[in-house]
Structures are given as structure tokens and as C-alpha cells.
Amino acid sequence: MTLKVEGDPGYGSVSAGGRFTGLDSSETVPLLIPDIQQPVWKPLSREELLKCAGGPGWKKFRSRLVLCFWIGWLIMLGTAIAIIIQTPRMEPPSLHWWQRDVFYRLQPALFMDADSDEVSRISRVSQRLPYLKSLGVGAVILEGLFRHDVSPTNLTEIDLNLGTLPQFTQFITESRKSGVRVMLDLCELDLFEQESGNDTDIWSGPSEYIQYSLRYWLEHGVSGFGICDTDAAFSAKTLMEWNVLMQEFSSQDDERILMVRQTSNTLPALNVSSIAVNGSLVELVIKSLIPASHHPLSPADVAKAMEASLQMPQGDWPSWTVGGGVPWELQRAILVLIMTLPGTPVIKYGDEINPVQDLDQPNQPLALFYSLSQSRACEEALHFGKFTFLSFNASMSSSGFNSTATPPLAFLRSWGCIHFLVLFNLGSEPHTLDPDWAPSLPEGGVFVTSTGLDRLGPVSLRSIKMQPHEAIVIKLFESDNS
């Protein structure tokens with residue numbers, strides 16, 4: 001059955017090609033796309049946030065999170081405190097004044113009366129007290145104060161060619177006010193009359209006079225006395241008697257001491273242990289770095305003597321002086337050695353002055369000594385740090401090192417993580433250190449001072465070229481992975 005539809009037969013018909021022909025070609029059919037609205041995200045309001053956070057689950061979570069934070073913080077704090085307590089601390093030792101100070105050997109007879117005035121030589125020494133204090137000197141050893149033919153009965157009188165007794169007592173008072181102590185050198189004075197065949201038996205007469213004279217000087221403020229190991233006074237009996245007298249005048253802040261100048265490689269044997277000599281009977285044993293000689297030694301001989309001294313056991317608390325003659329070109333290097341070795345440095349009058357006139361620094365003959373004195377006073381490693389001798393051999397130099405050349409010398413002063421490397425080239429040829437000469441040392445550091453006063457700033461140990469007759473002091477830095 002055919003369905004008949006009224007209307008235009010051409011309206012809405014589809015052509016054979018499938019094209020809709022019910023509309024005019026100029027008309028378009030709009031697409032019926034539904035209007036979909038995009039969601040808009042809005043932050044929670046305060047009321048909504050409080051409503052969500054007020055649930056029981058969130059309250060428990062927050063309380064547990066805060067509890068874990070405080071527990072973790074307390075654990076870290078306790079761990080840090082435990083590490084600090086259990087870590088060994090490098091506490092500086094308590095030093096006596098004779099271990100801290102620099103000693104200065106001085107002969108008043110050297111101060112000649114150049115002018116026509118009547119100023120005594122003792123007074124001229126008194127005028128130099130500010131100069132000595134500026135050098136960092138803490139004690140003066142007065143040598144040649146008494147005549148060599150002095151007897152025990154007149155040991156309270158000084159050589160009148162140097163000044164009067166009131167002038168000398170005034171000098172002691174002024175020196176103590178300025179912070180410079182006074183030591184009297186009694187070395188090579190024939191004070192005792194000994195019985196033949198008995199080296200330690202001393203007659204009571206001279207001994208009583210000497211006790212009286214020592215007491216007299218101690219009452220006037222003298223801080224101690226020095227003798228030689230070749231003197232008759234260097235005996236167990238005399239040292240014990242003098243030590244009792246020193247203890248009588250000593251206090252916690254003002255110790256009176258005895259010192260012995262060692263003239264040979266070892267001290268003569270006494271009837272007491274060496275520990276007693278170094279520790280209780282005698283506070284200072286002054287050793288010579290360079291053996292005594294009638295003429296200056298060659299650089300090779302000086303290097304050999306230095307190496308022997310550096311490898312020698314240091315003892316409880318050594319004290320060093322130059323001793324024999326040193327060539328003028330090595331005097332600055334020896335000064336560096338004296339001021340950087342462990343123990344108490346004993347400087348002789350004039351050793352602090354630069355014997356070589358620098359063209360770049362003509363007005364600073366004391367610059368090297370100032371630098372060394374300040375470094376020793378400020379740096380714990382140079383004052384009482386551990387001493388380690390570093391040996392060299394032919395493979396440690398890359399600058400044509402030969403067997404006839406003077407080898408370099410080096411040692412290390414360490415305190416905690418601070419290290420000071422002291423290098424010496426006493427020969428007449430320059431030396432460039434091999435890059436692997438000291439693999440265990442930190443690679444970097446900074447120059448502290450040198451004999452030429454021309455080295456400043458950072459330095460690498462793998463590229464150091466030492467000049468002839470040069471000494472260098474370097475402060476090393478520990479690397480992060482060392």
C-alpha cells in the first residue's frame with residue numbers, strides 16, 4: 001500500500017548522489033550543539049576548610065606528625081651533643097712563662113759609650129726595653145755582668161765598668177714593669193773551691209756565700225740564673241740546693257727558674273735521672289743548633305748539623321740557640337729555624353736584624369723577626385704543636401739534583417687540623433720540589449713568611465721552587481676528603 005504524502009514532491013528529497021536538495025543552495029542548516037558549561041574550581045572557604053580539617057582522622061594525623069617532628073628533633077640534638085662530648089678535644093696545654101716567652105741573650109759590655117755623656121751601659125740597656133718588648137721578648141739573659149775573677153763573697157756586686165748597683169736594681173724594676181724578666185748568667189764563673197778528687201763535694205763556706213748572693217738577687221726581682229754544664233755548679237747537690245731556693249721565691253704567676261747551657265751533644269751524667277734534670281732541678285736546657293767553631297761553617301756543614309739536631313729526640317721541653325758561626329747568607333734561614341722549632345727560642349743580640357740589606361725593603365731589617373715572633377705567639381701549632389721531621393732524597397727534586405748539592409730540609413708542626421710546613425734550601429742552587437714529594441700532606445696552603453719576604457698568598461705544594469739559602473713557612477689547609 002502506497003503512503004501518499006501531501007506537499008511539494010521536491011521538498012526534502014535526496015538526489016541520486018545522496019545530496020539533500022530540500023533547501024536552496026544559499027541556505028545553511030545550523031548545527032544543534034548543546035550548550036555545555038565548564039566547571040569552575042574555587043578554593044575552599046575558611047568555613048569549608050575548618051569543616052574538612054575538623055574530622056577525627058585529620059586531627060590524629062596532625063598530632064602524630066607534630067609528635068614525630070619533635071621526637072626527630074630531640075634525637076638529632078642528642079646525637080649532636082653525644083658526638084661533641086665523645087670527640088676528643090685539642091685543649092692547649094698550660095705553659096709556664098719560660099715556655100711561652102722568647103729569651104734574648106745580651107751583653108751590656110757591647111753598649112759602648114759612644115757619646116761623651118755619663119750614661120752607663122746598664123742604663124743604655126734599660127733604654128732598649130721598649131724595643132725588646134716590641135720584638136716579643138719576654139726574658140733577657142744578661143751575660144758578662146760579673147768579672148770572671150769574682151769570688152762568692154762579692155757576687156752581689158756587678159762589674160763597675162757596666163754601671164753601679166743602684167742603676168742595675170733600677171733596671172730590674174723597670175724591666176719587670178715592662179713585662180721583661182731578667183735572668184743572670186753565671187756561666188764559666190769560678191764560684192766554687194772544690195776538693196781534689198771529689199767533683200760533687202763543695203765546701204760549705206763558698207756554698208753559703210753563693211746561697212746568700214742568689215737570695216739577694218731573687219729579692220731584687222731576678223727571675224733565675226743560668227750555668228754551663230761544664231761548671232762546678234752543675235752537680236746534683238748544688239742543683240738541688242739552688243732549686244729549693246728557687247721554690248722559696250716562686251709563685252704561681254712568678255716562677256724562678258734554673259737553666260743550663262749544654263756545650264756538648266749530651267749533658268754530663270749526674271746522680272739523678274735525666275727526667276729530674278729536665279723537669280724539676282733544671283727548667284731549661286739550652287742546646288746549640290750549630291757546633292762551636294772558630295770560623296763560620298760551610299752551608300753543607302750547617303745543613304748536616306741542622307739535620308742531626310732535627311732528628312735528635314727533643315726531650316720534655318727543649319730550648320735552642322744558634323751556637324757556632326753561621327755564614328751570613330744563612331743567618332736568616334737559621335732564624336726561621338730557631339723560631340719554628342718546638343721549645344723556647346733563645347736569640348742572641350743582633351740575630352734579629354737582617355744581615356742582608358734588601359733593596360725592596362731597606363727600612364725593614366726586623367720584618368722577618370717580627371713576622372716569626374707574631375706567628376709563634378698567635379699560632380698554637382708553632383708554639384706547642386707536634387714536630388715531624390720530613391726526610392728528602394734525590395728523587396724528591398726535579399731541578400737537576402745531584403749527590404754533591406746540599407739537600408733541602410723540612411719539618412711539620414701540627415696541632416689538630418692545623419699544619420705548618422717549614423722548608424729549607426741551604427744550598428747555593430735552586431730546587432724545584434717534585435710534585436709527589438709529600439703525597440700525605442694537603443695540596444694547598446698559604447705563605448706565612450719567607451727569608452726573602454717576597455712570598456704572599458696561596459700556594460700549591462706541587463709547584464714550589466725554592467731559591468738558594470731560602471727558608472719558607474707555609475700554613476697548610478686540610479682538604480674536604482682528607
Say whether, by atom type as modelled, one donor and one acceptor occur between the side chain of T451 and the main chain of A471 under 3.5 angstrom. yes

Between the main-chain N or O of Q262 and the side-chain N or O of D229, is there a donor-acceptor pair closer than 3.5 Å? no

Between S134 and Y131 (side chain of the first, backbone of the second, donor and acceptor by atom type, cut-off under 3.5 Å), is there such a pair? yes

The side-chain hydrogen bond (donor to acceptor under 3.5 Å, both in side chains) partner of W415 among H383, E380, E379 is E380

Are any side-chain N or O atoms of W320 and backbone N or O atoms of P342, one a donor and one an acceptor, separated by less than 3.5 Å? yes

Does D254 pair with R176 as a salt bridge, N-O distance under 4.0 Å? yes

At what distance, to the nearest 0.5 angstrom, does CG of L382 lie from CG of L341? 10.5 Å

Exceeds 12 heavy-atom contacts within 6.0 angstrom, atom OH of Y212: no

Is a side-chain donor-acceptor pair under 3.5 Å present for H469 with E329? no

Using a 3.5 Å distance criterion without hydrogens, assess whether the side chain of T449 forms a donor-acceptor pair with backbone atoms of V473. no

With no hydrogens and no angle check, is any side-chain donor or acceptor of R105 less than 3.5 Å from a backbone partner on E143? no

About how many Å separate CG of L155 and CG of L214, when rounded to the nearest 0.5 Å? 6.5 Å

Taking the six-membered ring for Trp, are the ring centroids of W217 and F249 within less than 6.0 Å of each other? no

